[in-house]
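Throughout, a chain's letter reflects where its sequence line sits, starting with A, and its residues are numbered from 1.
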Amino acid sequence: MKKDIAAVIREMLEESIGKVACERGVSLQEKPQVDIERARRDGQGDWATNVAMQWAKTFREKPVVIAKEIVSRLPENPLIDKVEVAGPGFINFFLSGSWMSGIIGQILEKKENYGRVDMGRGRKVQVEFVSANPTGPLHVGHGRGAAVGDICARILAFAGWNVEREYYINDAGLQMEILGRSTQARYFEVCGCPEKAPFPEDGYKGDYIYGLARDILTAEGERFLDKPLEETLLFFTGYAGEVILDGIKKDLSDFDVAFDVWFSEKSLYDGVRVPKMIETLKKNGFAFDAEGATWFKATAFSDDKDRVLIRSNGVPTYFASDIAYHKDKYDRGFAMVIDVWGADHHGYIPRMKAAVQALGRNEADLQILLIQFVNLLRGGQQVSMSTRSGEFVTLREVIDEVGVSATRYFFAMRRSDSHLDFDLDLAKSASTDNPVFYVQYAHARIHSIFREAASRGVAVPDPSRADLSLLREPEETALIKRLSAFTEEVEKAAGDLAPHRIVYYAYDLAGDFHSFYNSHRVLGVEPGIESARLLLSEASRIVLANALSLLGISAPEQM
RNA sequence: GCGCUUGUAGCUCAGUUGGAUAGAGCAACGGACUUCUAAUCCGUAGGUCGCGGGUUCGAAUCCUGCCAAGCGCGCCA
């Protein structure tokens with residue numbers, strides 16, 4: 001495999017620093033730590049390092065002097081045009097035309113695999129996300145979690161992880177019972193005798209509950225009316241939960257979000273898993289009995305109080321089932337588990353991380369991605385939401401209104417832990433303001449070039465025959481450098497679980513292409529340049545498509 | 001009261017494992033289509049990086065105090 005340019009420069013520097021140290025009679029205890037990074041602005045080369053400043057102390061010399069010594073001892077390399085010392089002692093590397101030609105060559109060769117890295121080394125990772133209670137349809141808040149979780153999964157897979165997506169169905173407990181009672185009450189209401197089954201105080205007031213009730217009436221008739229409520233509750237709960245879950249599955253699938261596993265909370269209460277989990281904790285010394293209850297010693301880690309596992313009435317807490325659930329995840333062989341949670345659960349993080357460690361795992365084996373709330377705006381006004389009151393905008397409505405691609409883009413465009421303003425009017429506007437179209441348009445434009453080329457009888461050139469060193473214009477080199485940065489962006493996005501990095505990257509790449517397109521013609525110029533620009537366009541198209549594919553956004557050929 | 005997150009241009013936000021002159025988009029203003037899609041491009045203007053201290057060659061970034069906003073602090077789920 002070809003070494004990336006950063007590694008090449010690093011080796012050159014290590015070699016040179018070794019020489020400097022030797023000549024100065026300083027013995028290096030260890031291999032010098034060399035950090036290199038992309039230069040931030042024009043005139044500072046393509047890559048830069050601050051090693052001279054870091055080594056100045058060791059060598060008892062000014063950084064600038066050290067920098068010059070290092071530079072003068074650097075080995076020659078055809079990928080690098082020149083090296084400069086600048087500012088307080090930065091060493092700037094300017095890449096050569098042959099390096100840039102190499103990048104285009106790599107992209108054209110690797111195609112949809114360009115940008116893949118192997119951070120995961122094939123290890124198993126689970127991303128658990130959405131996991132909304134099946135008590136109502138998904139709303140926009142869930143949508144953000146769905147988009148972010150799904151895109152993280154795509155990025156991790158692209159970064160060499162073996163990814164599995166999971167949805168945890170909260171199908172046990174009080175919320176389901178309330179759902180059942182709400183449905184039951186609406187059924188009686190629809191049948192004309194609301195007084196027989198009063199609507200629960202904290203019931204679900206959404207219109208969809210009436211829909212369920214009417215469906216039950218149609219399918220089952222009035223046969224539940226004269227039976228005791230407690231006897232028929234199970235039916236209502238089961239029916240409502242199942243229909244709602246089916247709706248959720250449909251919504252997600254229409255949102256291009258696919259799950260490998262739908263994990264039922266009920267399955268944890270098999271009388272075995274929770275006791276076994278507690279046994280493990282006790283064995284590890286992190287569970288104890290007190291005040292008639294069983295406790296988890298969360299304070300042994302970074303939580304601020306111990307937590308109850310089994311209440312004094314013998315019923316396990318939700319937390320206990322959650323630990324059992326996470327134990328099950330690790331038992332399934334995941335090297336890393338990622339939970340995507342709503343930001344309102346942040347208080348739960350310390351105890352969950354503590355529990356994972358008490359099970360004998362490293363803290364880093366559980367990554368929790370918090371998703372902040374979504375502010376939905378329509379006509380500049382905030383749309384208020386609450387599942388309980390039934391006042392909410394569903395994910396389905398948003399998808400229907402603005403489309404899957406725009407919805408995914410808007411959900412992923414901000415850092416997950418910052419609040420998100422989702423402007424419905426902007427998202428569906430087919431205007432210059434809409435960033436989704438801006439990116440897609442760049443892709444469509446490239447296709448349009450190739451359509452025109454075909455109609456003119458211009459064939460797509462063979463990369464090995466073309467002279468890519470003809471690409472010397474500033475807009476061309478800027479574009480090539482952007483293309484070369486894709487791999488690093490994938491690494492950063494995967495390492496930080498930060499989908500928005502890919503969004504920004506795609507946007508910037510589209511911008512670089514638009515600039516190039518506006519200042520230079522691809523077709524009808526001198527044949528050598530035409531060939532080189534066609535290949536540059538094709539490389540841009542590939543990387544745009546790869547980035548959009550990570551985001552789950554369509555890459556249209558025509559707009 | 002304690003804890004978590006956030007605070008960067010008029011607005012919405014990047015940048016935060018310490019680096020050089022803090023970047024985009026929108027809004028404002030001025031330009032570019034007889035030529036591959038103007039859903040585009042180019043330019044101008046806009047900043048005490050919430051406030052104060054500290055750490056150092058260097059701080060939006062690290063530490064600390066304060067201010068503001070959101071969220072959370074149950075033998076609920």
Side-chain angles (χ1 to χ4, degrees), chain A residues 35 37 39-41 43-44 48-50 53-54 56-57 62-63 86-90 92 133 135 170 172-178 265 290-295 303-305 307-322 342-350 370 372-373 375 377 380 413-415 417-421 423 426 429-442 444-453 455-456 458 475 495-496 500-501 503-504 507-508 510-511 513-525 530 533-534 537 558-559:
Chain A
D35 290 324
E37 54 182 29
R40 307 217 166 165
R41 50 177 65 82
Q44 295 175 355
T49 182
N50 60 356
M53 278 109 105
Q54 292 174 335
K57 265 187 189 161
K62 284 182 191 153
F90 290 100
N92 296 332
N133 291 349
T135 53
N170 289 269
L174 192 61
Q175 296 312 314
M176 291 306 290
E177 186 183 324
I178 295 173
E265 179 190 358
E291 302 165 43
T294 304
W295 296 71
D303 201 5
D304 48 11
K305 55 178 91 161
R307 309 288 176 177
V308 172
L309 295 170
I310 308 289
R311 288 181 273 247
S312 45
N313 65 6
V315 179
T317 60
Y318 183 83
F319 182 45
S321 63
D322 236 10
D344 52 337
H345 289 75
H346 66 76
Y348 205 69
I349 295 176
L370 285 184
Q372 270 293 356
F373 292 123
N375 244 340
L377 301 173
M413 73 195 282
R414 302 291 179 227
R415 249 176 42 216
D417 58 6
S418 77
H419 290 262
L420 170 69
D421 282 340
D423 189 328
L426 176 58
S429 73
S431 80
T432 57
D433 308 351
N434 194 330
V436 189
F437 292 111
Y438 183 85
V439 178
Q440 291 180 318
Y441 185 53
R445 256 186 164 173
I446 299 173
H447 271 275
S448 147
I449 294 173
F450 285 105
R451 274 193 299 274
E452 177 64 19
S455 77
R456 293 185 189 188
V458 176
E475 292 82 3
D496 298 347
H500 74 281
R501 279 190 170 277
V503 176
Y504 273 85
Y507 187 88
D508 290 339
F513 184 82
H514 286 312
S515 294
F516 159 72
Y517 182 92
N518 272 278
S519 37
H520 306 290
R521 295 198 55 76
V522 174
L523 301 175
V525 294
E530 182 183 77
R533 287 185 181 160
L534 276 169
S537 301
Q558 217 168 339
M559 287 175 75

Between the protein and nucleotides 6-8 of chain B, which nitrogen or oxygen pairs come in under 3.5 angstrom?
{"from": "U6(B)", "atom 1": "OP1", "to": "Arg415(A)", "atom 2": "NH2", "distance (Å)": "3.4"}

Polar atoms only, N or O, under 3.5 Å: list the protein pairs with nucleotides 54-57 of chain B and their distances.
none

Could I get a table of every N or O pair under 3.5 Å where one atom is in the protein and the other is in nucleotides 75-77 of chain B?
{"from": "C75(B)", "atom 1": "O2", "to": "Ser312(A)", "atom 2": "N", "distance (Å)": "2.9"}
{"from": "C75(B)", "atom 1": "O2", "to": "Ser312(A)", "atom 2": "OG", "distance (Å)": "3.0"}
{"from": "C75(B)", "atom 1": "N3", "to": "Ser312(A)", "atom 2": "OG", "distance (Å)": "3.3"}
{"from": "C75(B)", "atom 1": "N4", "to": "Glu291(A)", "atom 2": "O", "distance (Å)": "3.1"}
{"from": "C76(B)", "atom 1": "OP2", "to": "Arg311(A)", "atom 2": "NH1", "distance (Å)": "2.9"}
{"from": "C76(B)", "atom 1": "O3'", "to": "Arg311(A)", "atom 2": "NH1", "distance (Å)": "3.4"}
{"from": "A77(B)", "atom 1": "OP1", "to": "Arg311(A)", "atom 2": "NH1", "distance (Å)": "3.1"}
{"from": "A77(B)", "atom 1": "OP1", "to": "Arg311(A)", "atom 2": "NH2", "distance (Å)": "2.6"}
{"from": "A77(B)", "atom 1": "OP2", "to": "Arg311(A)", "atom 2": "NH1", "distance (Å)": "3.2"}
{"from": "A77(B)", "atom 1": "OP2", "to": "Tyr318(A)", "atom 2": "N", "distance (Å)": "3.3"}

I'd like a list of close polar pairs between nucleotides 42-46 of chain B and the protein, N/O only, cut-off under 3.5 Å.
{"from": "C42(B)", "atom 1": "OP1", "to": "Ser515(A)", "atom 2": "OG", "distance (Å)": "2.8"}

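Contacts of Asp304(A) classified as side chain to side chain contact (heavy atoms under 4.5 Å, CB included), with partners at least two apart in sequence or in another chain: Arg307(A). Partners of Asp344(A) under the salt bridge (Lys or Arg N to Asp or Glu O under 4.0 Å) rule, at least two apart in sequence or in another chain, do not exist in this structure. Evaluation of the salt bridge (Lys or Arg N to Asp or Glu O under 4.0 Å) rule for Arg415(A) yields Asp417(A) as partners, not counting sequence neighbours. Scored by the side-chain hydrogen bond (donor to acceptor under 3.5 Å, both in side chains) test, Asn92(A) finds no partners at all (sequence neighbours excluded). Here Glu37(A) pairs with nothing under the salt bridge (Lys or Arg N to Asp or Glu O under 4.0 Å) rule; sequence neighbours left out. Asp508(A) meets the side chain to side chain contact (heavy atoms under 4.5 Å, CB included) test with Arg482(A); sequence neighbours excluded.
For Asp344(A) and G72(B), a side-chain-to-base donor-acceptor distance below 3.5 Å is absent, hydrogens and geometry of angles not being considered. At a cut-off of 3.5 angstrom, counting only N and O atoms as typed in the model, there is no donor on one side facing an acceptor on the other between the side-chain of Asp508(A) and the base of A14(B).
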Inset, instruction - Using Watson-Crick or G-U wobble pairs with both distances under 3.5 Å, give me RNA chain B in dot-bracket, 5' to 3', with [ ] for crossers and | for pairs to another strand. - result: (((((((..((((.....[...)))).(((((.......))))).....(((((..]....))))))))))))....
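The side chain to side chain donor-acceptor pair (under 3.5 Å) pairs that include a residue from residues 515-525 of chain A are Glu475(A)-His520(A), where partners are two or more places apart or lie in different chains.
Using a 4.0 Å heavy-atom cutoff across all strands shown, Asn92(A) reaches at least one base atom of the nucleic acid.
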